[in-house]
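A short write-up of the structure that comes next.
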Number of protein chains: 2
Amino acid sequence: MLGKRQNEMLKIIVEEYIKTAKPVGSKSICDNLNCSSATVRNEMAYLEDIGYLEKTHTSSGRVPSELGYRYYVDNLMKPKELTGEEVLTLQTILSNQSLELSDAITKSMEIISELTNYTSLVLGSSISDNRLKKVEVVPISDNSVIAIIITDKGHIENKTIAINENISVEEIRKMVELINNLLVGTLIDEVNKKLEFEIKPIIGKYIKQQEAIYNMFYNAFNEMTSKKDNYHFSGKTNFLKAPEFDSADKVRSIVDKLEDKEVISSIEETGSGINVYIGDESKIDSDVTIIKTKYVVDGEEGTIAIIGPKRMKYDKVIGMLEYIKGEIEK
Amino acid sequence: MLGKRQNEMLKIIVEEYIKTAKPVGSKSICDNLNCSSATVRNEMAYLEDIGYLEKTHTSSGRVPSELGYRYYVDNLMKPKELTGEEVLTLQTILSNQSLELSDAITKSMEIISELTNYTSLVLGSSISDNRLKKVEVVPISDNSVIAIIITDKGHIENKTIAINENISVEEIRKMVELINNLLVGTLIDEVNKKLEFEIKPIIGKYIKQQEAIYNMFYNAFNEMTSKKDNYHFSGKTNFLKAPEFDSADKVRSIVDKLEDKEVISSIEETGSGINVYIGDESKIDSDVTIIKTKYVVDGEEGTIAIIGPKRMKYDKVIGMLEYIKGEIEK
DNA sequence: AATTAGCACTCAACTATTGACAATGCTAAA
DNA sequence: TTTAGCATTGTCAATAGTTGAGTGCTAATT
């Protein structure tokens with residue numbers, strides 16, 4: 001544990017660096033601590049020894065290390081309350097009765113992205129642990145129907161599918177009935193396997209255009225369940241304007257990762273509370289921090305996250321996420 | 001019109017530059033033209049005079065100007081046929097019966113993005129000139145329904161909406177009936193205006209929870225019709241790996257534009273045929289080219305586009321777009 | 001009239017070299 | 001324990017010199 005002055009000093013250095021992005025020298029902070037630059041240097045050397053600060057080169061000022069940020073977040077920083085104006089803006093969205101919850105969350109996170117100038121992400125939970133509750137089909141026109149899948153946890157996916165002229169609505173209805181009788185309760189991920197091994201062998205008895213109808217459903221399920229697009233970014237490139245992202249390679253590499261569905265779904269938070277992943281821990285880039293939290297509302301889960309530079313206004317962002325999490329969970 | 005050798009030369013220079021990204025010097029191409037570097041220099045000076053070539057500095061090799069690319073595309077280049085393998089890959093997608101057309105297009109453009117290493121974009125036409133054909137509502141659970149809008153041109157939009165406990169399905173049904181009686185044929189963009197001025201004043205007679213139901217539909221229409229998200233990118237950052245995108249600012253600025261819905265919807269092509277927008281004409285960046293074409297299939301329109309560096313393999317890309325356009329329009 | 005060889009010239013790109021500066025670490029005194 | 005002082009270190013920006021690829025132009029050649 002650090003002494004009082006050391007705590008104070010680390011806090012000042014981290015916050016100064018967050019503000020200016022420049023290494024912090026001993027002189028610039030002696031006023032705040034009522035001591036000479038030499039004293040500051042001695043303390044700085046100690047903080048560097050124990051791994052909380054780093055130098056960019058032998059004669060440079062100090063920069064917080066990942067450990068330093070961690071200590072700052074865990075011990076020195078207090079989440080910042082939102083301003084009245086911010087609360088107001090968010091309330092108009094959150095209290096809109098006719099917005100579906102997930103839309104309200106997405107909209108609020110859009111606002112937060114604007115307020116902070118970082119990137120926000122809303123990530124619906126993967127539906128792979130959901131079970132099939134019901135399938136419905138709504139005929140739309142002569143050659144298309146909408147298939148709707150409903151899961152036990154309240155997920156609804158729907159997809160318009162084209163139908164081939166020699167398929168009758170009646171036959172589709174029969175297929176739906178079969179599925180609803182035999183596959184309800186199946187894990188979403190396994191529906192297609194069962195479709196293949198349990199339904200396919202027997203549909204010949206009930207349905208003429210077996211092959212076509214089978215394929216139609218198989219494809220529709222495939223698309224709906226493999227659809228990992230269950231996320232929504234806002235301000236995707238906001239934070240890249242920070243000076244640490246000054247090389248084209250770095251920008252490309254980060255943008256690439258944020259385009260990659262694998263990477264995005266790995267952002268899903270499983271722990272509780274608000275979690276901070278600093279630098280390499282973010283799995284995006286050593287200069288990136290992700291702050292995220294899981295929310296649970298009547299069985300429906302999701303992750304909300306803010307992505308920004310490691311040099312992020314932790315207090316502000318954590319404050320906002322706490323607020324949003326609180327609001328949506330009640 | 002240029003002479004034979006000048007044509008040949010411009011072609012060589014453009015193609016060489018496309019391959020290497022380095023300004024082309026006189027020496028490097030005299031072999032191809034069977035003449036000395038001095039002769040090449042004379043001709044080059046002429047091509048520069050008439051605006052087809054440029055120098056990056058007084059003693060550098062030549063680089064095609066925008067006009068030069070244009071001349072190349074219009075007069076010197078021949079669209080390249082696809083390889084057998086490429087045709088095969090695309091056919092498996094395009095001939096899949098149970099894929100809705102728009103999905104098939106999206107998938108083929110994904111493939112093309114991979115084959116070319118550029119970015120592909122499928123942009124559904126804006127639905128603002130569509131007219132309302134029918135509204136349907138499917139109850140899903142106790143507190144949600146799916147609203148489906150169908151337009152005269154075959155567009156289908158659907159959205160899950162939350163319902164407030166004191167709204168009965170019966171009342172929603174009445175509202176739908178009202179809409180279907182009074183608003184069919186209205187331009188999508190004007191539906192909400194009519195909803196407000198023609199439906200709202202009279203629903204009191206038929207429906208108890210007027211306010212709530214009205215809001216519910218108003219919001220749903222809003223979301224569905226203002227949804228400009230009717231596009232699909234693939235390989236969004238592919239082409240940014242080219243050496244001309246070497247500054248962080250440039251990369252950011254382009255990525256920003258590709259995130260901007262305004263910019264994207266402005267990519268919609270209105271002309272016929274395959275059109276090439278070189279450099280500044282692309283409206284994205286002076287180093288970017290967009291090649292695009294409109295497709296029309298039973299009244300449904302859309303744009304497919306390839307976005308890449310100005311130094312793009314025009315022959316390959318145009319060949320591919322011609323192929324795809326031909327396939328989907330038949 | 002078209003082509004070419006030859007030469008002077010230009011500019012970007014690279015490599016040192018330098019001085020100013022902002023920090024540092026360390027020592028010795030307060 | 002704190003501080004003043006000083007040698008030391010590495011960055012940054014400016015300057016200068018070198019090289020090489022490429023040009024334009026002129027005069028000779030075909």
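Reminder, nothing fancy here: chain letters follow the sequence lines and each chain counts from 1. Here the structure is a predicted model, which is why all the values come from computation and not from measurement.
If you take CD of B/Q6 and C1' of C/dT3, they are 15 Å apart, rounded to a whole angstrom. The distance between atom CG of B/D246 and atom P of C/dA13, rounded to the nearest whole Å, is 11 Å. One interatomic measurement links the two molecules: CG of A/L53 to C1' of C/dA23, which rounds to 14 Å at whole-angstrom precision. Look at CG on B/N42: it is 12 Å from C1' on C/dA5, rounded to the nearest Å. Straight-line distance from the CD atom of A/E43 to the P atom of C/dG25: 13 Å, rounded to whole Å. The CD atom of B/E16 sits 11 Å away from the P atom of D/dG22 (whole-angstrom rounding). Taking atom CD of B/E54 as the reference point, atom P of D/dG22 lies 18 Å away to the nearest angstrom. Summarising the geometry, the separation between NE2 on B/H57 and P on C/dC11 is reported as 9 Å, rounded to the nearest angstrom.
If you check every strand for non-hydrogen atoms under 4.0 Å, A/S37 touches nothing. At a threshold of 4.0 angstrom between heavy atoms, the contacts of B/T39 include nucleobase atoms, whether or not backbone atoms are also involved. Residue contacts for A/K27: at a heavy-atom cut-off of 4.0 Å it reaches no nucleic acid atom on any strand shown.
Without hydrogens or angle criteria, A/R62 side chain to A/I13 main chain gives no donor-acceptor distance under 3.5 Å. Between the side chain of B/K292 and the main chain of B/I267, a donor-acceptor pair closer than 3.5 Å is present. Listed for the A/R311 side chain is no donor-acceptor partner under 3.5 Å among the backbone atoms of A/T20.
Distances from the side chain of A/K55 to the nucleotides C/dG25, D/dA4, D/dT2 place C/dG25 closest. Nearest to the side-chain atoms of B/M44 among the listed nucleotides D/dT23, C/dC11, D/dG10 stands D/dT23.
In terms of position along DNA chain C, the nucleotide closest to B/A38 lies nearer the 5' end than the nucleotide closest to the other residue of the pair B/A38 and B/T58.
Taking 4.0 angstrom as the limit, A/R5 places none of its side-chain polar atoms (N or O) nearer than this to OP1 or OP2 of D/dT1. Under 4.0 angstrom from either OP1 or OP2 of D/dT23 there lies at least one side-chain N or O belonging to B/R62. At the phosphate of C/dA23, neither OP1 nor OP2 sits under 4.0 Å from any side-chain N or O atom of A/S26.
Relative orientation of the B/Y314 and B/Y69 rings is tilted, given thresholds of 30° and 60° on the angle between their planes.
Put simply, the side chain of A/R41 and the base of D/dG5 share a donor and an acceptor less than 3.5 Å apart. Taking only distance into account, the side chain of A/S59 meets the base of D/dT9 through a donor-acceptor pair shorter than 3.5 Å.
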Would A/R41 and A/S26 count as a side-chain hydrogen bond (donor to acceptor under 3.5 Å, both in side chains) here? Give the steps.
CA-CA 6 Å; A/R41 281 205 290 284; A/S26 54; 3.3 Å; yes
